[in-house]
Protein chains: 2
Amino acid sequence: MKIIDGGVCAAKGFKASGVYCGIKKPKSDNLNPNYVHKNDLGMILSDEICNTAAVYTTNKVKGAPIVVTKRNLEKTNGKSRAVIVNSKNANTCNADGEEKAEKMCAVAAKELGIEPEEVVVASTGVIGQILPIEPIERGIGPLVKALSYSGNGEAAAAIMTTDTVKKEYAVEFELGSKTCKIGGMAKGSGMIHPNMATTLNFITTDAAISVPVLQKALGEVVKITYNCLSIDGDTSTNDMVCLMANGLAGNGEITDCGKDYEIFKAALYEVMMHLTRMLAKDGEGAGKLIECFCGGCPDEDCAIKIAKSVIHSTLLKCMIFGEDANCGRILCAVGYTDADFDINKISVELKSEFGAIKVCENGLVLPFSEEKAAEILKSDEIQLYIDLHQGDGHATAWGCDMTYDYIKINGDYRT
Amino acid sequence: MKIIDGGVCAAKGFKASGVYCGIKKPKSDNLNPNYVHKNDLGMILSDEICNTAAVYTTNKVKGAPIVVTKRNLEKTNGKSRAVIVNSKNANTCNADGEEKAEKMCAVAAKELGIEPEEVVVASTGVIGQILPIEPIERGIGPLVKALSYSGNGEAAAAIMTTDTVKKEYAVEFELGSKTCKIGGMAKGSGMIHPNMATTLNFITTDAAISVPVLQKALGEVVKITYNCLSIDGDTSTNDMVCLMANGLAGNGEITDCGKDYEIFKAALYEVMMHLTRMLAKDGEGAGKLIECFCGGCPDEDCAIKIAKSVIHSTLLKCMIFGEDANCGRILCAVGYTDADFDINKISVELKSEFGAIKVCENGLVLPFSEEKAAEILKSDEIQLYIDLHQGDGHATAWGCDMTYDYIKINGDYRT
């Protein structure tokens, strides 16, 4: 497997674009220091019809675009050609939400000469404000005109809200004699919590793979990547991961869970894990990435629960921000995890590029060098290694520290 | 029912005291601007043996004092005479934790001339640091000497950690021809989340009531007061509510769930609800109290879950801090509640001393006056009224906004 450039355009036959159509304020009017790019409308188009898998937010309040995309994919039995997505307005909790989301599909389909139900639609931004459709109607011409096999960066910029950097990742891998590619883009960076989806993610591949197997692979990989990400514990209403496979790599279509499936899934994991890591590192206001590896658990589900509990602890997040090795908080967060395990064998290690130190053993906090711990915590990527010493279950969760900037961003998000 | 002074000394036959013994740094050495009182060792003593009920943290990591108190109350079948409690050090996750907690009981019992198992022991503070026993041994003489029927304030000060104000509340009520009193003290103010206990609370009453009925009343009232409190989502390892009843009011002992039980429970609710509200208002770094009333639910459990989900939302907390009526976040937090209900009938009202405004109806965000909403959010006590319009279940949860100061306090808690 090889890391390559190109994001959602890395795989054969995928074009993308992004433009500013006027849903976001013009950059000159915006006072938010985290406001970095003016694109607010993005598109992905495949040269061929794609087998498409998707997972959606578990929130009972579902954004209108979620409802419409789900319905479209049901109508087409999981086929799509294009994605249209806007940022700044979530088109959620509005009386005319579905109508507007349908309109986005219709406008895109007309300009592309495809069917409206072949369009995946997504929105991200403020909940409960009417989506202005005129900017999208005006913007669709330029957006389609801008489509190119290297337009991935412009599309990735169009989905950014409080994100400070674009998130793209792609890999190349072999299936039989064929070279396949898989690439994606994602946006965060608040209202993110592991209960499915938690963010907008679009992944494209030229591998040939049937719809049910594609959906299975997506579900399995989401569980151990995006669903192990927590920025703030809030599960958004709009989040979606959409995976499109156009088959242009020419491999024999994957229709069962054999060897090719495992190879494909490993490549998908690589892309989604790295996007997840990027989302955590660019969490709202984040100064530091926190990766929590939890091993030695009775099973994987237990490991996932513990790793997520730790990552989600506000006190742990503040401790990492403050570079203060108050390690009892790690044990505390493990202890309130709703899972069945024995706390008394647990060991914990803090790690970073600056070293490693064991801080807990047999359920007890060890005496350790505060100086060394402080040194380790100076890094902007902190690893916690938790071992329960009672089985083979393991998992990783990703999060970030809690900073003054998170509060600043979210105390006044709408301006 | 009448509000009275006296905290844990309000009820007949209860003395209390608090001293500085040297576990906390002297005030002159402390740079934390939230460090307000030097007491670090507190005591409550009843003239007569008390029927005693307690509830403890649900965290798998349990502080040594929790283990020892639980064992003591089992040995005595729920009888106790005294409480000893220290702040600054949680005596948790230490190899010698139980030994030290037993020692605290022994030292107190010897000085008081009672049995060690008649002592309730509690600690709050940093997890995973060895508790120095010498200051307690030195302090026990002065502590017992200071016991008085008006020592409640000194005891309430001794349990403070990052608390900025003492929390005490007491009421007087009638049982038959007898006047009874019930009063309490509590400490917060971080690592607080509704999964039982979540804080140290000591409540005393002179009502006569049997151990099992006392325990039942405590359990029922905890469910709708302390367990509906969230400061930061972290469930501490050390938290405990302890309720002592010495019977000196002379009422006929309450041994069943009749009319007297309901009267007693109403008084207990009054005390615990007000202490809960105080804890929320003084949450770490809190600028504003948030009270979330949730009604019209299929049942009470559903109402509790929704109210807690809203109070716990980091984004909602930031929105209240920023005085920015980004009301989609309220619907979002209701929507990810793990309970069975229909989101489509929901209405939401924002209220404070400065007015009220309906912001959501039938599951949709309404157009509303931003100026009026901003005016309402200027208050330091904000009420959210959520109505699901599908039943009679209702509940209230209490929390606070998320501020820069929370992060400041918890980024560097141990110094």
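Below, read A as the first sequence line, B as the second, and so on, with proteins coming before strands; counting in each chain starts at 1. All values reported here derive from a predicted model rather than from experimental measurement.
- Nearest heavy-atom pair, B/Asn326 versus A/Ile127, reported as atom, atom and distance to 0.1 Å: OD1-O, 4.4 Å.
- In this structure, A/Lys62 contributes its side chain and A/Thr57 its backbone to a donor-acceptor pair below 3.5 Å.
- To the nearest 0.5 Å, atoms OG (B/Ser313) and CD1 (B/Ile330) are separated by 9.0 Å.
- Looking at A/Thr403, the atoms closer than 4.5 Å to chain B (heavy atoms on both sides) all sit in the backbone: N, CA, C or O.
- Only the backbone of B/Thr337 comes within contact range of chain A, with at least one heavy atom under 4.5 Å from a heavy atom of that chain.
- Going from atom CG of B/Asp324 over to atom CG of B/Leu377 covers 8.0 Å, rounded to the nearest 0.5 Å.
- For chain B, no part of A/Thr92 is nearby; none of its heavy atoms comes within less than 4.5 Å.
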Next on the checklist: Working note: A/Glu323 + A/Lys288, criterion salt bridge (charged side-chain N to carboxylate O under 4.0 Å, His left out); need CA distance, chi angles, decisive distance, verdict.
Outcome noted: CA-CA 10 Å; A/Glu323 300 179 0; A/Lys288 293 169 192 288; 2.8 Å; yes

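- When the candidates B/Ile130, B/Ile320, B/Leu366, B/Asn94 are compared by the number of heavy-atom contacts under 4.5 Å with chain A, B/Asn94 comes out ahead.
- Proximity to chain B (any heavy atom under 4.5 Å) is shown, for A/Leu331, by both the backbone and the side chain.
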